Amino acid sequence: MTTKTSDSSTMHIGELAERTGLSLRTIRHYDEVGLLPATARTDGGFRVYSEEDFERLTVIKQMKPLGFSLEEMAEILSLLSSRDGADVEQSSETLAGYLEKASDQRAKMARNLAQADEFIQKLSSQV
């Protein structure tokens, strides 16, 4: 169920889950640990999310398979949202470190995928 506010679209947790492919439980967990606090709550206590929350959750979803901890995700999200603030140089150095970690993890995943492809090919040749 989507409701319109004066300047943006909002959605309940079910729609956010459907749009992202994540479970309600996962989204609630991210809310509880502070990674994705709901923009608002209805009078009945239901979480309400914005398009910005959807974008934030998309970034969280992209970080998850790269092995970032919840604390690292929180720091990355904070750095990405405050790029126009003070100490951009320190922020850039920290983000560069996370970029290197993400790149290394992706390379490892690519190697594992290549090994899986080789195994599938081997099985295919035996069928």
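Predicted model, so just to flag it, every value in this text is computed and none were measured. Numbers here simply count residues along the sequence, with the first being 1.
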[X] versus [Y]: any side-chain heavy-atom pair under 4.5 Å?
| X | Y | result |
| --- | --- | --- |
| Glu75 | Thr94 | yes |
| Tyr30 | Asp53 | no |
| His12 | Thr42 | yes |
| Phe68 | Lys101 | yes |
| Met63 | Glu72 | no |
| Leu16 | Leu36 | yes |
| Tyr49 | Arg47 | yes |

Trace of the side-chain contact (heavy atoms from CB on, under 4.5 Å) decision for Val48 with Met11:
CA-CA 6 Å; Val48 177; Met11 68 201 92; over 6 Å; no
[X] side chain to [Y] backbone, donor-acceptor under 3.5 Å:
| X | Y | value |
| --- | --- | --- |
| Ser78 | Ala74 | no |
| Arg56 | Leu35 | yes |
| Thr26 | Leu22 | no |

Could you tell me which non-hydrogen atom of Leu24 sits nearest to which non-hydrogen atom of Ala17, and how far apart they are?
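What the structure gives for the nearest pair is CD2-CB, 3.8 Å.
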Nearest heavy-atom pair of Thr39 and Ser50: which atoms, and what distance?
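Minimum heavy-atom contact is OG1-OG, 3.4 Å.
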Is the positively charged end of Arg41 above the ring of Phe46, judged by distance under 6.0 angstrom from the centroid and angle within 45° of the axis?
no
Roughly how far, to the nearest 0.5 Å, is [atom2] of [Y] from [atom1] of [X]?
| X | Y | atom1 | atom2 | value |
| --- | --- | --- | --- | --- |
| Ser81 | Glu55 | OG | CD | 13.5 Å |
| Gln90 | Leu79 | CD | CG | 9.0 Å |
| Leu99 | Ser92 | CG | OG | 11.5 Å |

Sequence neighbours left out, cut at 3.5 Å: what donor-acceptor pairs do the side chains of residues 108-127 make with other protein atoms?
unit_1: Ser124; atom_1: OG; unit_2: Ile120; atom_2: O; d: 2.9
unit_1: Ser125; atom_1: OG; unit_2: Lys122; atom_2: O; d: 2.7

